[in-house]
Amino acid sequence: MTPAARLSAAIEVIDTIDAQRVPAAKALKEWGTAHRYAGSGDRAAISGLIWDVLRRQSSSAYLMDDDRARARLLGMLKLERGMDIATIAAMCDGSRFAPEPLTEAEAAALTSRSLADAPAHVAGDYPEWLDPYLAKVFGEARAAEAAAMASRAPLDLRVNTLKGKREKVLPRLAHLGASETPWSPLGLRIELSADARNPGIHAEEDFIKGAIEVQDEGSQLAALFSAAKPGEQVIDLCAGAGGKTLALAAMMGGKGRLIATDSDKRQLAPIHERLSRAGVHNCEVRTPRGEADVLSDIKASADLVLIDAPCSGTGTWRRNPDAKWRMRPGALEVRLKDQVEVLDRAAPMVKPGGRIAYITCSVLADENGEQVRAFIARHPEFSVQPPEQTASVLRDKAEDFARAALQSAEGWLMTPRRTGTDGFFVSLLKRQASS
């Protein structure tokens, strides 16, 4: 397919998403099934165009003064892809399979309009109802912070220290353009271009043998900040597919007791194969069964309970731009209640002197600092470990990280704009030791 034909296909899929109100991934899959002639490179390029339109949906419509699929794609080509009007017009020439030529109004918009006077929620490409929530955290910088959360994310990997070392793995992934991550001592990063195909990490020998896992650098740092140590008893209370469980296991060096569970057993399904591939032998997976409490035997004995809390996912918008436009206020209220429940469930499991690592992939204060303050009010035997102590695990990079990330009394907030990671909040809550 020509670049122009790919534009036409992207407009067609966006029209489907709008008309049928279906998730983008579903619409893309159905389009691919109906157009078998499109090669993998074509499908990757069309997917990239559609995800970029979703990332810049509001700002593109504002730029073009038109919210139809074609207009949003044209606006995205200027805002996200940095194309000038001549380049855009050359692809929209009306030839076979190409979009129709630019109208006078479209050409004028691409030439003269900008986001200079756009409201914050438009310039930052997020739902208007979230504006006061983001203003609470970022103030006048909220449009810039949200715009960074709309940018394309790199592919981050974590080296599994049970199987290898970063300096050994890095040369073996040189053909993928891998480099060291800025903060995590375990991370590797592969930058992806706009039309990049999946680099096929799952087929790499290092992945097959368990030496690397896909994990955003922010998630790696969240696990590192928990300071899990060999010989400890560690509970991963919201383990899901096991990304942070694997990181904890490596930090523990195979020594101690690691228990992974989740309220949704479907989320836990992949963890068994991942633990096996990573060479983890000290992790016990407890799958929920009905109403029974699978952690009833854990009472004031855990050194660390890690909570990767259910949250709005606002910090992962650059990886899932479709989700932010489908997010509703009611869903946030549900998540806030879920967070209270999981924090209160964790508290009695922690031994005196032990700790809770509270983590969200959200940038909203309601889910982060406010939840921590409310928890301490309910459980005064806990206090926040000073964030600067938490970040000390980064050693010579700790000071630079402190200047980059957003620090509060409750913990650290990482964002794409500040730290180049997904949006993550991390707070370490320590239980008072027995007198």
Side-chain angles (χ1 to χ4, degrees), residues 23 54-62 67 115 117-151 153 216 218-219 221-222 238 307-344 358-378 384 387 404-427 429:
L54 290 169
R55 288 186 177 94
R56 301 297 184 190
Q57 180 161 282
S58 187
S59 59
S60 295
Y62 179 90
D67 66 355
L115 303 181
D117 297 321
H121 72 277
V122 170
D125 281 290
Y126 56 87
E128 185 174 4
W129 70 267
L130 278 170
D131 191 57
Y133 292 90
L134 293 176
K136 188 189 301 185
V137 181
F138 301 118
E140 293 301 314
R142 64 190 182 279
E145 289 281 354
M149 289 192 284
S151 64
D216 179 75
S219 182
L221 294 176
C238 307
I307 299 173
D308 189 2
C311 68
S312 63
T314 50
T316 62
W317 278 350
R318 59 183 189 164
R319 298 187 188 277
N320 192 11
D322 196 18
K324 68 179 172 183
W325 302 113
R326 290 187 280 113
M327 183 178 170
R328 298 292 181 267
L332 177 58
E333 294 303 317
V334 170
R335 289 309 186 198
L336 293 173
K337 293 177 182 177
D338 291 342
Q339 290 154 15
V340 170
E341 290 175 3
V342 74
L343 278 164
D344 287 347
Y358 177 70
I359 301 164
T360 75
C361 53
S362 170
V363 299
L364 305 184
D366 301 60
E367 300 183 276
N368 297 336
E370 291 182 14
Q371 280 287 26
V372 170
R373 290 195 295 273
F375 171 77
I376 292 174
R378 298 192 305 273
V384 178
L406 188 62
Q407 181 179 354
S408 67
E410 292 76 34
W412 292 108
L413 178 62
M414 298 172 264
T415 70
R417 179 173 179 246
R418 291 170 176 270
T419 54
T421 66
D422 284 352
F424 274 95
F425 173 79
V426 186
S427 181
L429 306 166

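In this text the structure is predicted, and so the values were computed from the model without any measurement. Hydrogens, waters and symmetry mates are skipped; everything else that's a heavy atom, side chains included, is used. Numbers here are sequence positions counted from 1.
Legend: salt bridge (charged side-chain N to carboxylate O under 4.0 Å, His left out) pairs involving residues 126-135, not counting sequence neighbours, sorted by first then second residue: Asp131-Arg142. Residue pairs meeting the ring pair (Phe, Tyr, Trp, His ring centres under 6.0 Å) criterion with at least one member in residues 132-151, sequence neighbours excluded: Trp129-Tyr133.
The heavy-atom pair separating Asp125 from Ser58 by the smallest distance is OD1-N, 2.8 Å. Shortest non-hydrogen contact noted between Phe424 and Gly218 is CD1-C, 3.6 Å. Contact detail for Lys324 and Pro127: the closest heavy-atom pair is O-CG, 3.1 Å. Minimum heavy-atom separation, Ala222 to Met414: N-CE, 4.5 Å.
The side chain to side chain contact (heavy atoms under 4.5 Å, CB included) check on Val137 picks up Ala365, Leu406, Leu413, with sequence neighbours excluded. With sequence neighbours excluded, the residues satisfying side chain to side chain contact (heavy atoms under 4.5 Å, CB included) with Leu336 are Leu332, Glu333, Gln339, Asp366, Glu367, Gln371. For Asp67, the salt bridge (charged side-chain N to carboxylate O under 4.0 Å, His left out) criterion is met by no residue, not counting sequence neighbours. With sequence neighbours excluded, the residues that form a side chain to side chain contact (heavy atoms under 4.5 Å, CB included) with Asn320 are Asp322, Ala323.
For the atom pair CZ (Arg55) and CZ (Arg319), the distance works out to 9.5 Å, reported to the nearest 0.5 Å. Rounding to the nearest 0.5 Å gives a distance of 4.0 Å between CD of Glu370 and NZ of Lys136. Atom-to-atom distance recorded for Ser408:OG and Phe425:CZ is 5.0 Å, nearest 0.5 angstrom.
Looking at heavy atoms from C-beta onward, Arg378 lies in side-chain contact with Asp344 at the 4.5 angstrom threshold.
In summary, Asp422 and Arg318 engage in a salt bridge, as defined by a charged side-chain N under 4.0 Å from a carboxylate O.
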